[in-house]
Amino acid sequence: MFLAHAKVRFLPPVDAAALERLLVHAWEASRAQWPTVTLPAEPFVTHLAERLPEATPTSPIEPLLAPLSLAELYLACACLQGVGTALEVFERNYLAKLPGLLRSPKYPDTMIEDICQLTRMKLLAPSPEGRPKIAEYTGRGALQSWVRVTATRIAIKLQSTEKQAPEEDADTLLSALPAPGVDPELDAIKRRHQADLREAMCEAFSTLSPEDRHLLRLYFVDQLSMYELATLFRVSQPTISRRLKSTRETVYKETRRHLQARLGLSQRDFQSFLALLDSQLELSISQLLGEEDAPPGPPEQG
C-alpha cells in the first residue's frame, strides 16, 4: 500500500519485511502520542506515502521518514478522516493556542476571534475546490507553526479588507461586471455612464455599516459559503441569508437613487434609461450581489 501511493516508484530490491516493520513502528509510535485517537494503519500509511519528500527511485526510505513529524501527520490524517477525537485533540492542542500566538496591537480581539474561526473552517472544512487545507500539511516542520502561518495569512488578508474604503469596495464589484454584449447601442451607453455608475455605487456603499461591508466582502470576495458565514457570525443560516438580502437591496436601491440624481432625470425618463441599462445595473448588481440562496462564484472578467 505504501509503495503504491508513494509519489516515487521505488526500484527493487525493496526489503518488504524491513519496510513493513518500519511502517508499523511509525504507526504505533504515532498512535501512542494520541491515545484517544484511533486510526487504522492503512489510511495512515497511505497518507504518509503521499507526503514523502522528493526522492529518487533508488533512495532508501527510512531516511525520508526520519525528519517528518510522524505523530502530527497521524493527527492530521485522522482529522481528514473525520475522527471525532482527533478533531477534539486538534482543537485543544493547536487551535486553542492561536489567540495567544496572534495577540498583537495590529489585531483587536474581535478580529482575532474572526481569524481563529476562519482558520478553523479553512483547515477542517471541505471547500468547493476540494479537501480541507489540513490535507496540505506534509509533516516537514511543526504542525503548530504551520497552523500559525495559515492563520497569519488569513489575518493579513482580513486586515487588508478591513481597511478597504467604499470606493475600493465599489471598484471590486465593478471589476466583476459582465463583459460587453453584442448590442452596440447598449455597449455605448454602458461606456458613457460607467463613471456615473461607479460614483453611484461608491455613494451606495458609503451608506453601509462597516459590518455590512465586511459581510459583503467575505461573501463575494473571499467567497465564504452561507454555512461558513453563519458559523463565523454565530447565527443561523437563515439569519445570514436575510442579512445578505437586506444589504443587497440597500446597495441596489441606493445605487439607483444616486444614479438618478447624478443623471438629473425624471422618474419616467429614468425608468426608460434603466430599461436600456438593464444588464449594466439591474442584472449586473443582481449577479454581483448574488441570489439569496445561491452560492457565490468567481466574478466574470470584463
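Atom CG of L23 and atom CZ of F2 lie 5.5 Å apart (nearest 0.5 Å). Note that the OG1 atom of T150 and the CG atom of L118 stand 12.5 Å from one another [nearest 0.5 Å]. Between atom CG of residue L98 and atom CZ of residue R103 there is a gap of 11.0 Å, rounded to the nearest 0.5 Å. Annotation: the span from L65 atom CG to L52 atom CG amounts to 6.0 Å, rounded to 0.5 Å. Expressed to the nearest 0.5 Å, how far CD of E136 lies from OG1 of T138 amounts to 10.0 Å. Separation of atoms CD1 (I154) and CE (M121) is listed at 8.5 Å; rounding is to 0.5 Å.
Atom CD of E20 is surrounded by 12 or fewer heavy atoms from other residues, nucleotides or ligands within 6.0 Å. Counted within 6.0 Å of CZ on R243, heavy atoms from surrounding residues, nucleotides or ligands total more than 12; the atom is thus considered enclosed. R140 CZ: more than 12 foreign heavy atoms inside a 6.0 Å radius. Within 6.0 Å of atom CD in E28, more than 12 heavy atoms from other residues, nucleotides or ligands are found, so the atom counts as buried in its surroundings.
Linking ILVMFWY side-chain heavy atoms closer than 4.5 Å, directly or via other members, places Y94 and L101 in two distinct hydrophobic clusters.
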Apply side-chain hydrogen bond (donor to acceptor under 3.5 Å, both in side chains) to the pair T239 and S236, showing each step before the final yes or no. CA-CA 5 Å; T239 298; S236 66; 2.8 Å; yes

Take H47 and R51 through the side-chain hydrogen bond (donor to acceptor under 3.5 Å, both in side chains) test and state the conclusion after the steps. CA-CA 7 Å; H47 189 85; R51 287 154 184 81; 3.3 Å; yes

Verdict with supporting geometry, L123 and L95, side-chain contact (heavy atoms from CB on, under 4.5 Å): CA-CA 10 Å; L123 293 180; L95 294 176; 4.2 Å; yes

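Taking a cutoff of 4.0 Å between a charged side-chain nitrogen and a carboxylate oxygen, E91 and R120 qualify as a salt bridge.
Nearest approach of E42 to M1, heavy atoms of both residues: O-SD, 3.4 Å. Between I61 and L22, the shortest heavy-atom distance links the atoms CG2-CD2, 4.4 Å. Between A71 and W34, the closest heavy-atom pair is O-NE1, 2.8 Å. Nearest heavy-atom pair, F44 versus L70, reported as atom, atom and distance to 0.1 Å: CE1-O, 3.9 Å. Here the closest non-hydrogen pair linking L39 and C77 is CD2-SG, 3.7 Å. The heavy-atom pair separating I134 from C79 by the smallest distance is CD1-CB, 4.2 Å.
By the 6.0 Å and 45° rule, R31 stacks over the aromatic ring of W27.
Residues V147 and F90 have side chains in contact (heavy-atom distance under 4.5 Å, counting atoms from C-beta outward). No side-chain heavy atom of I115 sits under 4.5 Å from any side-chain heavy atom of T152. Looking at S69 and L143, their side chains never come closer than 4.5 Å, going by heavy atoms from C-beta outward.
In terms of modelled atom types and a separation under 3.5 Å, the side chain of Y74 and the main chain of Q33 share no donor-acceptor contact. S30 contributes a side-chain N or O that, together with a main-chain N or O of A26, makes up a donor-acceptor pair within less than 3.5 Å. At distances below 3.5 Å, not a single donor-acceptor pair connects side-chain atoms of R131 with backbone N or O atoms of A125.
Residues S59 and T56 bring a donor and an acceptor atom of their side chains to less than 3.5 Å of each other.
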